Enquirer: 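Structure provided below as structure tokens; questions to follow.
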There are 2 protein chains.
Amino acid sequence: MFATMMHGAGDVRYEEVADPKIIAPTDAIIQLAVTSICGSDLWPYRGYGDFDGPKAMGHEYCGVVVEIGSEVKTVKKGQFVVGSFCLSDNTCPHCQYGFQSSCQQREFMTGAQAPYARIPLADGTLVGLDHLPDPSLYPDLQAVSDVLGTGWYAADAARVTPGSTAVVIGDGAVGLMAVIAAKHYGAERIIAMSRHPSRQALAKEFGATDIVAERGEEGIARVMELTRGIGAESVLECVGMEQSMQQATSIVRPGGMIGYVGVPHGVTFDGQKMFFAQSGMLGGPAPVRRFLPELLELTLARKIQPGKVFDLVLPIADVAKGYAAMDQRKAIKTLLTLGD
Amino acid sequence: MFATMMHGAGDVRYEEVADPKIIAPTDAIIQLAVTSICGSDLWPYRGYGDFDGPKAMGHEYCGVVVEIGSEVKTVKKGQFVVGSFCLSDNTCPHCQYGFQSSCQQREFMTGAQAPYARIPLADGTLVGLDHLPDPSLYPDLQAVSDVLGTGWYAADAARVTPGSTAVVIGDGAVGLMAVIAAKHYGAERIIAMSRHPSRQALAKEFGATDIVAERGEEGIARVMELTRGIGAESVLECVGMEQSMQQATSIVRPGGMIGYVGVPHGVTFDGQKMFFAQSGMLGGPAPVRRFLPELLELTLARKIQPGKVFDLVLPIADVAKGYAAMDQRKAIKTLLTLGD
């Protein structure tokens with residue numbers, strides 16, 4: 001089959017690779033319904049981190065099971081499934097504690113920007129639907145598998161509660177999903193920090209009550225003004241850079257929580273500063289698996305429409321264009337169609 | 001009157017000072033029942049931090065109100081009161097949110113190692129008792145005003161829940177109080193890290209189920225062994241040094257919380273490490289005022305006996321000996337009696 005490979009910074013190709021096959025008896029092979037490009041795919045695309053040879057890209061996925069290993073019990077051939085970018089057994093103590101993203105057998109998904117993909121730990125990772133969903137729901141289900149679940153975790157880690165104020169830092173796909181999550185958790189005021197008109201509009205559609213376009217010290221001052229100098233109970237940090245983390249610690253109220261889901265790049269925290277600010281923090285790769293049943297229920301009932309975050313749709317053969325568009329911030333998130 | 005003044009590192013004197021008097025209409029003057037030396041008094045005693053001239057020492061206190069300012073309404077002359085080392089109005093948004101230690105009017109108490117002391121923001125800071133307590137309760141009530149409340153906050157911030165595992169790092173007075181708190185919050189397993197036989201014994205009396213005497217990597221390995229490689233839901237960090245914080249982040253389970261109440265000295269956190277470990281954190285100066293009503297109820301009913309932490313009792317004229325004994329770790333905590 002053809003699949004998406006990254007050969008180096010800025011060099012993404014749709015090229016022939018070996019078909020995926022069952023390796024472990026706990027594997028499943030799925031035929032993807034659609035696939036997509038994640039903001040985190042841009043880190044290697046932009047040359048961050050180590051790069052050791054061509055890499056099979058893609059970790060967001062939903063589709064139909066076409067083959068299962070001999071030990072797979074909870075999903076079957078022909079069933080539509082959604083999984084998480086973190087592969088987990090869903091039985092170890094960390095999974096049982098709701099932190100499947102720290103599963104003792106954790107692996108990270110790769111190779112999902114392709115028509116077919118191998119899903120290790122299928123029983124623990126995949127959640128099957130009772131029926132084949134209407135294709136109009138594919139973008140929503142695809143969003144559930146990573147960005148929605150990650151935004152959900154940001155709200156969960158930041159302990160958004162009914163009637164509270166939540167600030168979302170970052171207007172990428174995860175930040176926009178975090179707005180949906182903050183609304184679901186009952187935040188009365190949702191302040192989205194965004195400079196881009198199209199993203200501001202989507203944030204408002206998803207439930208943001210206030211937009212702060214300013215950044216840095218001005219952005220901090222504006223949030224503090226909106227919260228009457230108090231700060232926010234919950235800050236959902238969806239970027240992971242020094243400046244955004246700085247912003248988060250400056251606008252969270254004493255005793256409030258920062259849920260941070262952007263992988264921190266070059267970020268350190270000063271212990272004494274955090275101590276006297278009484279800033280609570282919890283972050284990490286999102287345990288999407290914990291949220292999947294609820295997210296699927298909301299999505300299938302069309303109570304939330306996370307798929308709206310896809311503002312560029314391309315056939316997968318044009319995947320390189322999708323990366324370029326997101327790199328240049330011409331697209332929030334790219335959906336890749338797989339044809340027949 | 002005579003009171004305790006620090007003139008520089010290692011130089012504590014009991015010497016004549018001006019009597020405290022009402023300065024603001026929100027002040028009260030109390031006659032202390034007893035007083036005490038706090039572990040945090042040892043920081044300047046050991047030469048840490050800036051030192052700008054003689055300093056009136058002491059921030060732990062309980063006693064009888066002898067004078068009130070014209071605006072004080074909730075306590076009256078002759079009433080026995082207990083307060084916190086953080087002075088707060090208990091009405092501002094941060095106080096209302098339960099973080100009185102970040103009160104918009106916050107001041108830190110000083111001058112309580114003396115027979116009389118001025119308490120600013122008396123209405124917000126002090127909690128009055130209905131009756132004069134039995135003098136046998138003075139050590140307990142004195143412990144409530146700081147170290148017990150601080151240990152309580154460690155357990156609260158670390159979100160100790162019934163049936164969980166809590167690890168207490170630090171066997172100073174606050175660490176020992178944190179054991180009481182962890183037990184009160186229902187931890188099934190309380191692992192106290194302590195090398196000192198007398199402190200181990202007190203930790204066990206307060207509710208510790210396991211003692212880990214090892215430190216550093218060995219201590220981490222021992223806790224991980226005790227928790228079957230999983231780590232603890234809650235870590236109560238009661239020291240504030242690089243090594244102890246390192247220990248905390250190494251033994252908390254993914255999704256668990258570190259409640260840190262020792263003022264961090266030279267501690268920084270690596271964002272990416274905390275992210276992938278999914279270590280939650282909340283710390284700061286304890287909002288003791290939030291806990292005072294409950295702690296007083298428990299103490300007056302003799303359900304807890306935090307005063308047992310005092311293992312050295314000296315007349316206040318010998319205050320310098322009390323500092324020396326704690327500095328040399330010959331005493332956990334010194335109670336100072338005030339005579340008649």
Side-chain angles (χ1 to χ4, degrees), chain A residues 49 92-104 106 153 156-159 164 227-231 233 237 240-242 244-245 252-287 290, chain B residues 49 92-104 106 153 156-159 164 227-231 233 237 240-242 244-245 252-287 290:
Chain A
C92 84
H94 298 320
C95 286
Q96 292 293 303
Y97 196 58
F99 284 79
Q100 289 90 342
S101 44
S102 286
C103 173
Q104 289 174 341
R106 179 186 69 187
Y153 177 55
D156 180 77
R159 295 205 168 76
S164 67
T227 59
R228 303 187 316 285
I230 296 167
E233 286 84 356
E237 200 288 323
M241 302 294 280
E242 182 75 36
S244 56
M245 283 305 244
V252 66
R253 68 182 294 172
M257 285 293 290
I258 299 167
Y260 60 109
V261 295
V263 181
H265 284 75
V267 177
T268 55
F269 304 106
D270 177 68
Q272 199 160 116
K273 189 181 163 193
M274 278 177 58
F275 180 87
F276 283 105
Q278 304 198 274
S279 305
M281 303 195 70
L282 177 61
R290 189 204 319 169
Chain B
C92 84
H94 298 320
C95 286
Q96 293 293 303
Y97 196 58
F99 284 79
Q100 290 90 344
S101 44
S102 287
C103 173
Q104 288 174 342
R106 180 185 70 188
Y153 177 55
D156 180 76
R159 294 202 170 77
S164 66
T227 58
R228 302 189 314 287
I230 297 166
E233 285 86 357
E237 200 289 322
M241 302 293 280
E242 182 75 37
S244 57
M245 284 305 246
V252 67
R253 70 181 295 172
M257 284 292 292
I258 299 168
Y260 60 109
V261 294
V263 181
H265 284 75
V267 177
T268 54
F269 303 106
D270 176 68
Q272 198 160 114
K273 190 182 159 191
M274 279 177 58
F275 180 86
F276 283 105
Q278 303 197 276
S279 306
M281 304 194 69
L282 177 61
R290 186 203 323 168

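Throughout, a chain's letter reflects where its sequence line sits, starting with A, and its residues are numbered from 1. Computed from a predicted model, the values in this text were never measured in an experiment.
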Enquirer: For each of B:H94, B:M281, B:R253, tally heavy-atom pairs with chain A at distances under 4.5 Å, and name the one with the top tally.
Expert: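 Top option by heavy-atom pairs under 4.5 Å: B:R253.
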Enquirer: Show the nearest heavy-atom pair for residues B:P254 and A:Y97, with the distance to one decimal.
Expert: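 In this case the closest contact between B:P254 and A:Y97 is O-CD2, 3.5 Å.
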Enquirer: Please answer whether the main-chain N or O of B:P264 pairs with a side-chain N or O of A:Q272 as donor and acceptor at a distance below 3.5 Å.
Expert: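 Such a contact is found between A:Q272 side chain and B:P264 backbone.
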Enquirer: Output the option from B:A157, B:S102, B:G256 having the highest count of non-hydrogen pairs under 4.5 Å with chain A.
Expert: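 Greatest number of close heavy-atom pairs with chain A: B:S102.
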Enquirer: Sort out for me which of B:V263, B:D270, B:T268 touches chain A most, counting heavy-atom pairs under 4.5 Å.
Expert: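 Ranked by contacts with chain A, first place is B:V263.
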Enquirer: Return the minimal non-hydrogen interatomic distance between A:P285 and B:Q278, and the atom names on each side.
Expert: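 Scanning both residues completely, I find the closest heavy atoms to be O-NE2, 3.0 Å.
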Enquirer: Shortest non-hydrogen contact from B:S279 to A:L282?
Expert: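 Smallest heavy-atom distance, with atoms named: C-CD1, 3.9 Å.
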